[in-house]
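Since we're looking at a predicted model, the values are computed, not measured. Every number for a ligand or one of its atoms is a count from 1 in the order of the listing.
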Amino acid sequence: PVLILLGPPGAGKGTQARMLEEKFGMVQLSTGDLLRAAVKKGTDAGKQAKAVMDAGGLVSDDIVIAILRERLGAPDIVHGVILDGFPRTTPQAEALDQLLAERDQKIDAAISLDVDDNEMVNRISGRYACAGCGEGYHDHFKIPQKIGVCDACSGTEMTRRADDTAETVGSRLQAYHAQTAPLIAYYEARGALHRVPAMDAIQDVAARLDAVVAKTS
Ligand code: AP5
Ligand code: ZN
């Protein structure tokens, strides 16, 4: 199946996508992760994207769609995908419909993780991740069993994202409301929208997502 996770920064898209990946064998496809990898590699797209990402704006549709098109063609995508952070604008949603149509596929569910804006700052300011495997953690909400040691790979190097600052969170939320929130109506009109309350604990939100996946695949 093809699932889309919609939701503001810090809603838990990445956290939930990784859990779905493990449970159902689907591939998590995060345009944020792909862009951060391009920045690290120093590709042309990465160079253009870096300043925009650090300021909390949206990277241009052309760059993001090109990155996604390339990734969707990779051979590891067998049991479906979870799109995490894409699409984020109406042109991206239209491009996705077209990319999938070329592959005789369509969207099975667009899941909106619904959270209050004031929760975002708490979630984003406490976030860090394992540098080795990317597993995400939080200073208060998701603590590894042994502090400083990754539960998933036993790595001990942890990183925080350059755009996870109090100032940037405001711009990212603004970009979400102005450019991404309209996609809720876009998918509702296509009968693909599922709204999932996401203010509760990670496991409770995960159970709601499992129920949606069971219904749609
Ligand atoms: P991206 O990487 O997609 O970031 P984002 O949308 O801002 O989302 P986040 O990764 O911040 O949050 P999340 O929802 O995944 O939350 P998480 O699970 O980590 O994009 C970064 C930038 O790249 C953008 O600003 C833009 O510039 C660019 N970009 C990316 N895609 C683009 C596109 N398509 N078009 C244009 N530009 C694009 O959870 C957050 C924290 O909370 C974690 O610490 C977690 O442990 C904790 N947590 C999660 N769930 C819960 C819970 N239920 N209760 C308590 N804590 C929780
Ligand atoms: Zn790890």
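- Vertex the Zn ion (ligand 2); arms to C130 SG and C150 SG; angle rounded to 10 degrees, 110°.
- Compare R172, M120, R88 by their heavy atoms: the one nearest to atom 20 (O) of ligand 1 is in R88.
- No more than 12 heavy atoms of other residues, nucleotides or ligands lie within 6.0 Å of CD in Q145, so this atom counts as exposed by the packing criterion.
- Of the heavy atoms in R161, only side-chain atoms (C-beta onward) come closer than 4.0 Å to ligand 1.
- A 6.0 Å sphere centred on CD of E22 holds no more than 12 heavy atoms belonging to other residues, nucleotides or ligands.
- Formation of a donor-acceptor pair under 3.5 Å by the R88 side chain with backbone atoms of Y176 is not found in this model.
- At a 4.0 Å heavy-atom cut-off, ligand 1 touches A201 through the backbone alone.
- When all heavy atoms are compared, the tightest approach of L100 to K106 is CD1-C, 4.0 Å.
- Of the polar atoms of D164, none of the N or O atoms is found under 3.5 Å from an N or O of ligand 1, judged by distance alone.
- Listed by atom number, the atoms of ligand 1 under 4.0 Å from V64 heavy atoms are 33 (C), 34 (N), 35 (N), 36 (C).
- Residue nearest to atom 29 (N) of ligand 1, selected from T31, L96, L35: L35 (by heavy-atom distance).
- Of the options G14, G7, G57, P9, the smallest heavy-atom separation from atom 25 (O) of ligand 1 is shown by G57.
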